[in-house]
S.K.: 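Below is the structure I would like to discuss, written out as structure tokens.
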Number of protein chains: 2
Amino acid sequence: MPKKRTYHHGDLKNALIKAGVEILAQDGVSGMSLRKVAMKAGVSHSAPYSHFADKQALIAAISTEGFRQLYERMSAVAEGYNSQPSKQLVEAAWTYIQFALDDPDRFKVMFSGVLEKEKEYPEFVAESQRNFQLVKSIVESNQAAGILRSGSSDLMALSAWGIIHGFAMLLLEGQIPHAILELKSLRKLVEFQLKQIMLA
Amino acid sequence: MPKKRTYHHGDLKNALIKAGVEILAQDGVSGMSLRKVAMKAGVSHSAPYSHFADKQALIAAISTEGFRQLYERMSAVAEGYNSQPSKQLVEAAWTYIQFALDDPDRFKVMFSGVLEKEKEYPEFVAESQRNFQLVKSIVESNQAAGILRSGSSDLMALSAWGIIHGFAMLLLEGQIPHAILELKSLRKLVEFQLKQIMLA
DNA sequence: CTACAATCTTTACACTGTCAAGATTGAGAG
DNA sequence: CTCTCAATCTTGACAGTGTAAAGATTGTAG
């Protein structure tokens, strides 16, 4: 990777996304300004506008990239447990929680309404739907294995995702009572959560 | 209520909270500036600082007030179905969803990390915990009635809340696939979600 | 080699949160 | 009733923000 010193950056778009993620992790969502991101990428404060219509568009790109990574991690884990559907579900869920805890601010940006009009960003919509499809397919193999009751896999996936997503949210917001967190390890908690919807 | 024309407003603190909620519903979370709120309350742009340390403190107050209202609505509904635990659960959940849909931006402010250091606002923490206790008590009466399996009511409440909260979130973010929303009514969906954790 | 389109910089503006200094007021002490 | 003071509100200022417009710089297609 040659040291960037040219007028034309070469790959500024991705550099901005990367810088954005870093500032997000460092200064939190309210600390991430376009100007800071530009500066971190070594570029003037208006340069981002050559690649993003506005700040929302950059946030959309960061979110989209986040979903891409989430998908990669979850699908890799899911494939690893292809022959054990029940583990597949738990491990994918665990990966989801890990992803949320790894970089809480990015996770918040992805899900918590910082991005205001998601519908306007087709790539974002596509990537988030791809994740839902993944959950759905895991649910379906669990249904086939008799671990989850039969029925609309869409709704079932929604339940599973809802449980884990809600759990992750409450975790990040610090809403989980301390007594609970001390009682059991996080991992056990995730398993417990999922057992709620599993048969037997 | 006498028309306010005095130098001393009288109840500016609550007036600011009220104005904040209105602007929130009208301009969304990114459109709510302290200065707009002050102007809407008919007061100079710096007046809020007599009552709130900073913008975060105002947001905390709005969130706290939101939790208060959520508690009132849910507890009223819960009491109404005191003798029918299963309905109690479904109706409370339905109230939760309604609350989220009634004023999505306020809901987002309450839950979605707009408030950055919730721990610093004891009233906020207290009020959100009061809501959790309510869910917990509903869960316990459901356990007593044999509708939910026995076990830690804390974890059980977390599951129930997680399902509904996650569902509300996905709803607000527009993540619910259209096919699902057209398939069944929202109300039926909520019931379906909860059936996942209910016995029989 | 040249013109063009993409990329980046500079400059500018309105708006934001916040602070400091001062003006206005109600309420309690004498 | 008057004085005083603390609470409340206003004014003015500042740095930081997102974004638009105009100009500079470059790779690249013709």
S.K.: Kindly say whether, by distance alone, the side chain of A:His45 makes a donor-acceptor pair under 3.5 Å with the base of C:dT11?
M.R.: yes
S.K.: Hey, what's the ring geometry for B:His165 with B:Trp161, parallel, tilted or perpendicular (30° and 60° as the breaks)?
M.R.: perpendicular
S.K.: What is the bend of the helix from C:dC1-D:dG30 to C:dG30-D:dC1 when you compare the axis at one end with the axis at the other, using five pairs each and rounding to 10°?
M.R.: 0°
S.K.: Find the distance A:Met39:CE to C:dC8:P and express it as a whole number of Å.
M.R.: 17 Å
S.K.: Hey, could you give me each pair passing side chain to side chain donor-acceptor pair (under 3.5 Å) that has a residue in residues 132-146 of chain A? Not counting sequence neighbours.
M.R.: A:Gln88-A:Ser141, A:Lys136-A:Asp154, A:Glu140-A:Ser153
S.K.: Just to verify, what does B:Ser63 make a side chain to side chain donor-acceptor pair (under 3.5 Å) with, not counting sequence neighbours?
M.R.: none
S.K.: Would you mind listing the cluster partners of B:Tyr81? Hydrophobic ones only (ILVMFWY), side-chain contacts under 4.5 Å, chaining allowed.
M.R.: B:Val77
S.K.: So if I take residues 21-38 of chain B and measure heavy-atom distances to DNA chain D, which residues fall below 4.0 Å?
M.R.: B:Arg35
S.K.: Let me spell it out: for each of B:Ser46 and A:Pro48, pick the nucleotide of DNA chain C with the closest heavy atom. Which residue's pick is nearer the 5' end?
M.R.: A:Pro48
S.K.: Just to verify, what does B:Asn14 make a side chain to side chain donor-acceptor pair (under 3.5 Å) with, not counting sequence neighbours?
M.R.: none
S.K.: Quick one: list whatever passes side-chain contact (heavy atoms from CB on, under 4.5 Å) with A:Ser44, sequence neighbours left out.
M.R.: A:Ser46, A:Ala47
S.K.: List the residues meeting side-chain contact (heavy atoms from CB on, under 4.5 Å) with A:Ser30, not counting sequence neighbours, and say none if there are none.
M.R.: B:Glu116
S.K.: Can you list the residues that meet the salt bridge (Lys or Arg N to Asp or Glu O under 4.0 Å) rule with B:Glu191, with sequence neighbours excluded?
M.R.: B:Arg187
S.K.: Run the side-chain contact (heavy atoms from CB on, under 4.5 Å) test against A:Ala145 and tell me which residues pass, sequence neighbours left out.
M.R.: A:Pro85, A:Ile147
S.K.: Mind running a 4.0 Å heavy-atom check of residues 49-61 of chain A against DNA chain D and sending the residues that fall below it, in number order?
M.R.: A:Tyr49, A:Asp54, A:Lys55
S.K.: Write out all pairs satisfying salt bridge (charged side-chain N to carboxylate O under 4.0 Å, His left out) with one or both partners inside residues 29-39 of chain A, taking only residues at least two apart or from two chains.
M.R.: A:Asp27-A:Lys36
S.K.: In whole angstroms, how far is the P atom of D:dA7 from the NZ atom of B:Lys13?
M.R.: 14 Å
